[in-house]
Amino acid sequence: MLTVKAYGATSATDPLVPLEIERRDVGPHDVLIAIRYAGICHSDIHTVREEWGPITFPQVVGHEIVGEVAEIGSAVTTHAVGDRVGVGCMVNSCRECEECRAGDEHLCENGNVGTYSSVDVDGTITQGGYSTHVVVNEDFVLRVPTEIPYEKAAPLLCAGITTYSPLATWGAGAGKKVAVVGLGGLGHMAVKIAVAMGAEVTVLSRTDAKKDDSLAFGAARHIATGEEGALDSLKRSFDIIINTISAPFDIDAHLRTLRPHGALVNVGLPPEALPMHVGSVVSGRKVFAGSNIGSIKETQEMLDFCAERGIAPETELIPADRINEAYDRTVAGDVRYRFVIDTATL
Ligand code: NAP
Ligand code: ZN
Ligand code: ZN
């Protein structure tokens with residue numbers, strides 16, 4: 001066992017605090033990673049505040065992890081000490097179900113092992129990336145191309161793949177009109193990636209406050225949706241909508257902005273159930289879909305795509321003792337556009 005420094009939650013309501021946690025010994029197929037940076041995803045906040053249901057405390061979250069390989073197990077062939085690597089939202093899966101065999105381990109029938117707050121193969125609860133080190137099975141460790149600076153790479157491991165995957169799946173590209181709803185961590189990556197794929201992008205944000213940023217990221221338009229009826233003039237506008245909002249939203253109004261056969265793909269995960277009229281998809285043969293992260297293969301493809309196309313998130317680097325403040329600012333929408341923790345400050 002390796003005792004390492006971390007920052008985590010001891011209850012759903014208390015601030016996160018410095019903690020010491022145990023990492024397992026490096027097994028034959030394991031990689032020990034010295035973590036350099038960890039991004040703060042809104043899912044970390046939903047989890048520790050128990051907005052998605054009860055969890056086991058103490059809990060260290062963080063699933064946007066980058067660092068260097070510090071040690072490898074005896075059977076590891078794909079990673080070497082000193083390599084630049086990353087870990088996203090999964091650290092293992094059953095490897096046997098139809099989805100795992102097809103390379104869709106993020107859809108594992110038996111539930112993949114999440115990077116945090118998940119039951120690991122040894123029965124312990126996984127602890128995430130707000131920590132100095134982590135031990136991960138080699139198959140769930142990604143290569144981080146040298147073109148991407150370390151702290152810029154971290155948010156790609158969740159925000160990057162979560163938006164790249166549905167954009168690729170639903171065919172964002174030249175001639176396609178894409179709307180991105182919510183300009184936060186996921187949203188701003190969706191804009192940059194969709195623009196790089198060749199789509200015409202419109203940002204749907206609550207206010208005009210981020211308009212200059214939307215245009216700087218390559219969007220053609222930024223529309224403030226806060227006013228009642230703001231979407232009315234956008235009927236039949238979009239082929240694909242990527243919804244990243246972390247809170248309830250008006251599904252019917254957004255579906256009306258799709259062209260026939262268009263798809264509204266949800267990646268945002270508000271804790272509440274939301275109402276919708278089935279007629280909103282029946283007329284126009286529209287698709288109301290969801291998407292969660294992406295496979296390991298697709299995550300590597302996304303990292304290579306971002307390196308090749310010079311795509312990187314906008315980040316604000318913070319020391320560990322500002323994590324609680326960063327949580328409050330993220331919930332308040334005051335983030336431009338991803339907080340990243342410097343783990344040297346743990
Ligand atoms: P974030 O940085 O907080 O961004 C969310 C954005 O949603 C905000 O910037 C804001 O955009 C908009 N928003 C927030 N509250 C709102 C409200 N009350 N009404 C309307 N719009 C609101 O969060 P994130 O890290 O991008 O994560 C977004 C969601 O995706 C979370 O629910 C998270 O759990 C989920 N998620 C899902 C996956 C997956 O695999 N499906 C992966 C990662 C995260 P504007 O200010 O522009 O309006
Ligand atoms: Zn995430
Ligand atoms: Zn499986």
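Side chains included, hydrogens not; waters and symmetry mates left out as well; all remaining heavy atoms used. Every number for a ligand or one of its atoms is a count from 1 in the order of the listing.
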Enumerated ligand 1 atoms positioned under 4.0 Å from heavy atoms of Ala247
16 (C), 17 (C), 18 (N)
Presence of N, O or S from His63 under 2.8 Å of the Zn ion (ligand 2):
yes
Within 4.0 Å of some non-hydrogen atom of Ser205, the atoms of ligand 1 are 45 (P), 46 (O), 47 (O), 48 (O)
Stepwise, does the side chain to side chain donor-acceptor pair (under 3.5 Å) test hold for Asn137 with Arg95?
CA-CA 12 Å; Asn137 181 281; Arg95 324 278 182 122; 3.0 Å; yes
Any ion pair linking Arg36 and Asp342 (charged N to carboxylate O, less than 4.0 Å)?
no
Please report whether ligand 1 has a polar contact with Lys210, defined as an N or O pair separated by less than 3.5 Å (distance criterion only).
yes
Any N/O pair Leu186/ligand 1 closer than 3.5 Å
yes
With a cut-off of 4.0 Å, which atoms of ligand 1 are near a heavy atom of Gly182?
11 (O), 47 (O)
Output yes when a side-chain donor or acceptor of Arg143 lies under 3.5 Å from a complementary backbone atom of Asp83, and no otherwise.
no
Judging by distance only, is a nitrogen or oxygen of Leu269 under 3.5 angstrom from one on ligand 1?
yes
Counting the benzene-type ring for Trp, do Tyr116 and Tyr130 have ring centres under 6.0 Å apart?
no
Looking at Asn266, Ile45, Ile245, Thr244, the heavy atom closest to atom 21 (N) of ligand 1 belongs to Ile245
Output yes when the distance from some N or O of ligand 1 to some N or O of Pro270 is under 3.5 Å, and no in every other case.
no
Is there a side chain to side chain donor-acceptor pair (under 3.5 Å) between Glu151 and Thr315 once you walk through the steps?
CA-CA 8 Å; Glu151 74 273 21; Thr315 51; 5.5 Å; no
For Thr330, the ligand 1 atoms whose distance to one of its heavy atoms is below 4.0 Å
3 (O)
Going by the order shown, which atoms of ligand 1 are within less than 4.0 Å of some heavy atom of Thr162?
38 (C), 39 (C), 40 (O), 41 (N), 42 (C)
